[in-house]
Amino acid sequence: MEEWRGWRKIRYESELDPAFASEIASIPQGEKLFSCIQCGTCSGMCPISPYMDYTPRQIIAMIRAGFKGDVLGSYTTWLCASCYSCAVECPKDIKLTDIMYAAKRLAIREGIYPKRFPIPVLANEFYKNVEGSGRNSEGRLILRLFLKTNPFKLFKQTSLGLKLLMRGRFSLKRESIKRTDELHRMLKVLEKVHMVKSKDELARMKEVAS
Amino acid sequence: MNYAYYPGCSLKSTGRAYEESMLSVFEALEIPIEELSDWNCCGATAYMSISELKAFALSARNFALAEQQFKGSNDVNLVVPCAACYLGLNKARRYLAEHLEIKETVDGALKQAGLHYSGHVHIRHPLDVLLNDIGLEKITAAVKKPLTGLRVACYYGCQIVRPYAEFDNQHEPQSMDKILTALGAEVIEWPLKTRCCGGSLTGTVQEVGLRLSYILLKEAKKRGCDVVATACPLCQFNLECYQSEMLKSYGEVINVPVAYFTQLIGVGLGLSSKNLGLNRLFTPLKMPHPVKAVQGGQRVHS
Amino acid sequence: MSDNKSEEKRFEPKIVAFFCNWCTYTAADLAGTARMTYSPNVRVVRIMCSGRLDPQFVLAALRDGADGVLIGGCHPGDCHYQEGNYKAIRRFRLLKKLLKSMGIDDARVRLEWIAASEGDKVQKVINEMTETVRKLGPLDLEPKAWKLIRKTQIELPKAPQIALGGVS
Amino acid sequence: MSTVKGSSNGAPKIGVYICHCGINISSKVDVFKTVEFAKNLPNVTVSREYKFMCSDPGQELIQKDLRAGLIDRVVVASCSPLMHEATFRRAVAGADHNPFLFQMANIREHVSWVTFDKEAGTEKAMALVAAAVKRISLHIPLERTRVSVHPDVLIVGGGISGIHAALTLADSGKKVYLVEQEPTIGGHMAKFDKTFPTLDCAACILTPKMSAVRANPNITLWTYSEVVGVEGFVGNFKIKVKRKPRYIDESLCVGCYDCIDACIFKKGNVNDEFNVGLSKRKPIYIPFPQATPLVAVIDDKSCLEFKTKKCKKFCVDACERKAINLNQTEEIKEIEVGAIILATGFKTFDAHCVPRYGYGKYPNIYTSLEVERMVNASGPSGGEVVLKNGEPPKTVGIVHCVGSRDNHTNKYCSRVCCMYSLKLAHLIRERTHAEVYNFYIDMRTPGKGYEEFYEKLLNENVHFIRGRVAEISDWTLTPEEEGKLVIRAEDTLIGTVRRIPVDMVVLSVGMEARSDADDVRRLFNISCSKEGWFLERHPKLAPVSTFTDGVYLAGACQGPKDIPDCVAQAGAAAAEAMALIDRGYVELEPNTAFINDELCSGCKTCIGLCPFSAISFDNIKKIAAINGALCKGCGTCVAACPSGALQQNLFTDEQIFSEIKGVMSYV
């Protein structure tokens, strides 16, 4: 049990972001999160929820209530392995996995995420990896990940590395597509665009607004 | 029907055995298949957590290339063995089809690369192709060394049946069971067929990832399987390569071979272990001896 | 509320709807009670049964300035009067032919089966219909069509109906 | 605000009355602007607005103007005619004017409630008012025709609702036909053990009513029968009932069980419907000891004689009263009734449809209905709650909302599950002292003594976990889970996922419309809601009426209900039927078709079209003739008449043409 760090559980309205919910809801079918009845099926289905700081159900509640900082800063969204078991069993068809993604992207964009937590680091590395060469060089990725988070872990993994090496399943060679320039031009266009809002969503927001 | 093959990054490194075995099986069954040239990362999971739109664009490039390379046929069947890629590409395909606004943005990006995607690509998993295009008869007929007596735990993992149950039942997938049964294997009944193996967590937050894989193997072993059959490079990696770690963490010897379903098919078709990349397995695949040859590989199910 | 800012200038089609009393009109009431907002371009004329729909009514509506006509009846097999909606569908087919011959895009008339419980379908259909007709733009009848439609009053719509007498 | 202007003699004087309906209309329609607009329409002499036109003062406004001779025709722009047309027609008649010189413009359901911006709403409202005004000038005075009402009543379905309705009507001296498709009446209630929240025994309160049905001379009870034909209209329905052969002469059988004991099958060999498959019955059987009528029935699908023709037919010899007649054939009864009450009930949700709950896959997972039988002293286990191995369970999990509140199955809440789950929790604990866990999403106990019952259970150390069960399976993580069923759910009040090992699971399945609901509704010409429940005429003001006059609803066929609600509704339906019958006549809408003899060419087009054969051919005049009593006023013939000789009252071509012109008069 962690020692008591004098944290304050109460949240004042002034600390909440009322726009947060609609921001997340603006992904395709995101509006469904508003019909959540807090039944907890998602958390129950989720194989990882036991290790999350907030259960998936709580994340939805927090999104609705505008607990932006808490959601974006949480480990939950990053721990999600996107196995989609929550999404397929949700009685209200809430695409929770996609909502987790939306939260992750927002967290990255706004720089609010557990900094030394390996998962966002991996994501970033993977991203750079692919942006550069169009493919992911697994060997290098793992290497970078450990260097960035926990170099010591690297040694623990050497035996595994060797085993893989011997079986020709591991290399530090840089994988790449041929026409990288083409790829770069393509991705550059999308630099600015973060989240595409669906038409019906725009309509919905307009109605809510008025 | 001819197939385009999308390997994805893993099948070129940790999952090489998957590629080798699948291609040899396709060859043995005379299924024409050709690798997509200059394919790029599908933009799955990790990438999607940074930019969904770019992820879609990455997939779209692959689609565009596929349409280019297979101009002849108006519909391209893109065979995607890796579960993550399968879902990533499938998701992109759907979003591009269902959300005009996304399609438009992505089209714009493709144009920059002088590419165009007109929506004629189908994402197919080898399980789907083998069961629904080729069919059990053809497979059964080709069996040389039936897997008689081999008790297999079919493990589908999450991403080939969820969220889009395209070719199999989301809750009780059967495709792999059917195929391996047809090869004479005995598939065991177990409830964790589609429970997550931990995905990339084994690499990032090991204590969690390890636990998830351990739960699967523990249950599979308890139900007395000789081998766990997988359909995803990451699942295979997690379940196989961390068994020594599990011993350390949970003091339990697992020692269960974890093979790709394509490798098992290959064995049944009597292909050489080299062509199936069996030599790449950590725990060698032991066949129950002696393997009785049975006509057509069919075997009364017990 | 379909589209964004540039609403001011856009064309607002005039659409007349003929709803049967028992299914579609009731469904429209239901849409109301459920507060399902939809585009205001459609004006409903209540008839007891879609079987009462005389093709003349449709032509009259177009002549009097409607850009489109929507017809709503009970699902096949659900007609309050057993089979009025079957009569309606037959007349509708002939009507579409007739309109084509008059150079009127037959997407301007639409027949829908909407049950009393399908308030949401009323909303959907009316919105779709409005969009379709908006895309088609205002109906300006070619002179020949005009002549026809005037005459129609007496002869033309009757023509298909005589054919009908036999069918049922 | 109001305007009165004189009118040139002879021309119709139209009064227009625009309703605010509180703010229901005025929030989206500029009422005053509309009044101004109406004032300037041709022949409008009076144009007023009022907060609530349907209120007495509102109606008096109209009547005053009529009496004062300011107007002779009335247009009210308010809610839907299906809501208040009758009201205003009565008002007009009350002022000694013909009620059909009235027209309604629906500016609430069709305008204010569905329109987003007020300007558009106002414009639409004006168009509809204009249409009504144009049309009303062409209205002519009409008379309603009266048709006498047949005094008998048909009740379909012999569950608690049908039974109660039948007894109520019979006690008032009405003759009732009670038709039930099963061999006995009693329905679902007969299967229950105790009833919540009072825990009185279902049989003890139901069986007296069942025998009362049997004993009542006013009730004709036809079990093992189905309605196969419905013709006619309110007050005068012609019904065809199919009586399936039960191969036993009801008048002779005394329910002595001798035939059943004698049956060649020593043990039951067919799934017992009454015990929902938990036990077996013989091909010849009596559903349960209190069955009404207490008459055996032979199920020809499983009877050896019917399958092979080679049975020794011990049953026939065993019956002293020679009641068994294997040559009995199906029989069609034709009856006439004035009113119909549908009480066809519901079916329980099929738990197989939720695979992750493992029903049918693991033993010891039961549906609530199966457990109802299990805890019932007359049930397959004699009231013992036992596992498949005969042992009593030590831990039991009760899963709420199975097949309810779920987009993949049924969106709605089934209303009864929380309460019966509590009841079963109590009974199971009482019988086995097992630890009982309730998994619920929300605990819904709105009813007399319901919340109190919940509290009682809280105090009986029953465990309550607020969380929808994610999965039930037999894979284990800890030693104590070995050999048990593990229920996984988030305890949402604690925010932690829990795995609870149990011996037995009870799936609290919801209520669904019967699979034959759609055929039934077609047969009786009524509507269904999306979920398949029979649609009431108005959710609040006409909950037991349907859109088809003379057809009423009782019980769970209209939506999920518990016993008290079913009984209450059955009473209401009976009262509605009584009101109709005791009035003795119905007034038919005069919207019938009529022929202009001069114009009729005698082409006979119309004759084939009329579904009610109301049109015949007059061989002397060589023209068509309409029987007003048979005409239902659909207008199909009118639309088809090539010579325009046919017209429909209230819907003449001219009236409709003018209405079209009206709605097109956009401002």
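Treat the numbers as computed from the prediction; the structure is a model and nothing was measured. Reminder, nothing fancy here: chain letters follow the sequence lines and each chain counts from 1.
For a residue to count as touching a neighbouring chain, one of its non-hydrogen atoms must lie under 4.5 Å from one of that chain's; by this rule D:Cys528 touches chain C with the backbone only. Only the backbone of C:Cys79 comes within contact range of chain D, judged by heavy atoms closer than 4.5 Å. Using a 4.5 Å cut-off between heavy atoms, C:Gln123 makes no contact with chain D at all. Using a 4.5 Å cut-off between heavy atoms, D:Asn591 touches chain C through its side chain atoms alone. Contacts of C:Thr26 with chain D are made by both backbone and side-chain atoms, with heavy-atom separations under 4.5 Å. Heavy-atom distances place both the backbone and the side chain of C:Asn21 under 4.5 Å from chain D. Both the backbone and the side chain of D:Thr115 come within contact range of chain C, judged by heavy atoms closer than 4.5 Å. The part of D:Arg521 that comes within reach of chain C is its side chain, from C-beta onward, which places non-hydrogen atoms under 4.5 angstrom from that chain.
Counting heavy-atom pairs under 4.5 Å between each of C:Ala66, C:Ala115, C:Gly84 and chain D puts C:Ala66 at the top. Chain D forms more heavy-atom pairs under 4.5 Å with one residue of C:Gln82, C:Arg46, C:Arg35 than with any other, namely C:Arg35. Note on D:Ile526, D:Thr548, D:Asn525, D:Ile607: by heavy-atom pairs under 4.5 Å with chain C, the leading option is D:Asn525. The candidate from D:Pro539, D:Ala120, D:Pro81, D:Cys79 with the greatest count of non-hydrogen atom pairs under 4.5 Å with chain C is D:Pro81.
Looking at heavy atoms from C-beta onward, C:Met48 lies in side-chain contact with D:Gln648 at the 4.5 angstrom threshold. In this structure, D:Asn106 and C:Tyr25 have side chains that are in contact, with non-hydrogen atoms separated by less than 4.5 Å.
In terms of heavy atoms, C:Ala28 sits closest to D:His110 at CB-NE2, 3.3 Å. Taking every heavy atom of both residues into account, C:Ser117 and D:Ser529 meet most closely at CB-CA, 3.7 Å. Residues C:Tyr81 and D:Gly633 approach most closely at OH-O, 3.8 Å, considering heavy atoms. Here the closest non-hydrogen pair linking C:Pro76 and D:Arg522 is O-NH2, 3.7 Å. Residues D:Ser527 and C:Ala116 share a closest heavy-atom pair of OG-CB, 3.8 Å.
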field: Chi angles and distances behind the side-chain contact (heavy atoms from CB on, under 4.5 Å) call for C:Phe18, D:Ile660
entry: CA-CA 10 Å; C:Phe18 298 94; D:Ile660 295 168; 3.6 Å; yes
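The distance from atom OG of D:Ser80 to atom CG of C:Leu30, rounded to the nearest 0.5 Å, is 11.0 Å. Expressed to the nearest 0.5 Å, how far CG of C:Leu53 lies from OG1 of D:Thr636 amounts to 10.5 Å.
Between C:Arg43 and D:Glu659, none of the side-chain N atoms (NZ, or NE/NH1/NH2) sits under 4.0 Å from a carboxylate O, so this pair counts as no salt bridge. Note on C:Asp29 versus D:Arg108: no salt bridge recorded, every NZ/NE/NH1/NH2 to OD/OE distance being 4.0 Å or above.
Around atom CD of D:Glu119, no more than 12 heavy atoms belonging to other residues, nucleotides or ligands sit under 6.0 Å away. Counting non-hydrogen atoms of neighbouring residues, nucleotides and ligands closer than 6.0 angstrom, the NZ atom of D:Lys240 reaches no more than 12 such neighbours.
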